[in-house]
Amino acid sequence: NKKTSDLVAGGSINLDGDQGVLNEGSIDAGKAVGVYANENGIVNTGDVVADNGLLQMWAASGDITSTGTLNSVKNSLNVSAVDGNVDIAEALAKEMAAAGSQTGDVVLGTIKGQTVVLSSQAANGKISADKVEVSDYLVLEGNSFDKTHKQGADDKVEIVRDGSLDKYLN
C-alpha cells in the first residue's frame, strides 16, 4: 500500500499504488490530481483539491472510499472503480463530476457539477446520493437510484438545478 500525509504542489500530483493507496492527509495541487490503484482500492480521509486540472481516482480492483471533500475547482472530476464500489462523501467540480463502477454500487453524500454522471454497470448495482447539484446535464446509468441516508419513508434525493438553462426553456 502507498500511504501519504499532506501533499502540496504548484503543479500536478500523481499517486500510483500497485497494492492500493491510503491517503490520510490533504492533497492540494495547482493543476491536476491523479490517484491510481491496481489492487486493494483507494481509501481517502483528507480533502483533495485540483485547482486547475482534472481530479481523477481510478481502481482496477477494490473499493474507492473518500470521507474527505474531492474538489476540482476549475475543471472536472472522475472517480471510477472497475471491480469494486465507490463511496464518496462529497465530490465537487466546476465542469463534469462523474462517479461510476463496472461491478459495484455508487454511494454519494453530495455531488456537484455543471454536468453530473453517475453510473453502475452491475446487474444489481445501486446508485444512491443525498444531494445532486447540476447546472446543465444529469446522466444516470443503472438499475436503481435512491437516497443514501434515509430518515423516513418520504425521504427523497435532493436534485438541485441552478437555473442557468432557464433562458433556453422559455
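Counting from 1, the numbers follow the sequence of the chain as shown.
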(request) Would you indicate whether the side-chain heavy atoms of Ile88 and Met57 approach each other to under 4.5 Å? (result) no
(message) Nearest 0.5 angstrom please: Gln114 CD to Asp136 CG, how far?
(response) 4.5 Å
(request) Side-chain contact test, heavy atoms from C-beta onward, threshold under 4.5 Å: evaluate it for Val35 versus Asn23 and give yes or no. (result) no
(request) Measure the spacing between CD of Glu90 and CG of Asn71 and express it to the nearest 0.5 Å. (result) 8.0 Å
(request) State, with a plain yes or no, whether a side-chain heavy atom of Leu7 is found less than 4.5 Å away from one of Leu15. (result) yes
(request) With the side chain counted from C-beta on, respond yes when Trp58 and Val82 share a heavy-atom pair under 4.5 Å apart, and no when they do not. (result) yes
(message) Measuring from atom CD of Gln56 to atom CG of Leu70, what distance do you get when rounded to the nearest 0.5 angstrom?
(response) 12.0 Å
(message) Using the side-chain contact (heavy atoms from CB on, under 4.5 Å) definition, which of the options Leu118, Asp105, Asn143 pairs with Ile127?
(response) Leu118
(message) On a heavy-atom basis, which atom in Ala29 and which in Gly11 lie closest, and how many Å separate them?
(response) CB-O, 3.4 Å
(message) Check for me, please, whether Val43 and Val49 land in the same ILVMFWY cluster - side-chain distances under 4.5 Å, paths through other members count.
(response) no
(message) Which residue in the set Thr45, Asp6, Asn44 passes side-chain hydrogen bond (donor to acceptor under 3.5 Å, both in side chains) when paired with Ser26?
(response) Asp6
(message) Which heavy atom of Ala59 sits nearest to which heavy atom of Gly41, and what is that distance?
(response) CB-CA, 4.1 Å
(request) Find out whether Tyr137 and Met96 are in side-chain contact, i.e. whether some heavy atom of one side chain is under 4.5 Å from a heavy atom of the other. (result) no
(request) State, to 0.1 Å, how close Asn75 and Gly53 come at their nearest heavy-atom pair, and which atoms those are. (result) CB-O, 3.3 Å
(message) Between Ser101 and Gly84 (side chain of the first, backbone of the second, donor and acceptor by atom type, cut-off under 3.5 Å), is there such a pair?
(response) yes
(request) Please determine which of Val106, Val86, Ile42, Leu108 meets the side-chain contact (heavy atoms from CB on, under 4.5 Å) test together with Val79. (result) Val86
(message) Restricting to non-hydrogen atoms, name the atom on Ala81 and the atom on Gly62 that form the minimum distance, rounded to 0.1 Å.
(response) CB-O, 4.1 Å
(request) Look up atom OG in Ser12 and atom CG in Leu55, then write down how far apart they are to the nearest 0.5 Å. (result) 10.5 Å
(request) Give the C-alpha distance, both sets of side-chain angles, the deciding distance and a yes or no for side-chain contact (heavy atoms from CB on, under 4.5 Å) between Thr69 and Leu92. (result) CA-CA 8 Å; Thr69 298; Leu92 312 170; 3.9 Å; yes
(request) Could you work out the complete set of other residues in the hydrophobic cluster of Leu54, with links drawn between I, L, V, M, F, W and Y side chains under 4.5 Å apart? (result) none
(request) Flag yes if more than 12 heavy atoms outside Asn124 fall under 6.0 Å of its CG atom; otherwise flag no. (result) no
(request) State, with a plain yes or no, whether a side-chain heavy atom of Lys74 is found less than 4.5 Å away from one of Asp51. (result) yes
(message) Just so I know, are the side chains of Val107 and Asn85 near enough to count as touching, which here means a heavy-atom distance under 4.5 Å?
(response) no
(message) For Gly68 versus Ala89, what's the shortest heavy-atom pair and its separation?
(response) O-CB, 4.3 Å
(request) Indicate if Val117 and Val134 have the same hydrophobic cluster label, given that clusters are the connected sets of ILVMFWY residues with side-chain heavy-atom separations under 4.5 angstrom. (result) no
(message) Has Asp87 got a side-chain atom pairing as donor or acceptor with Thr65's backbone, closer than 3.5 angstrom?
(response) no
(message) What I want to check is whether the side chains of Asp83 and Thr103 have a donor and an acceptor closer together than 3.5 Å.
(response) yes
(message) Tell me if a side-chain donor or acceptor on Ser135 pairs with a main-chain N or O of Thr115 at a distance below 3.5 Å.
(response) no
(request) Indicate the atoms forming the closest heavy-atom contact of Ser120 with Gly125, along with that distance. (result) OG-CA, 3.2 Å
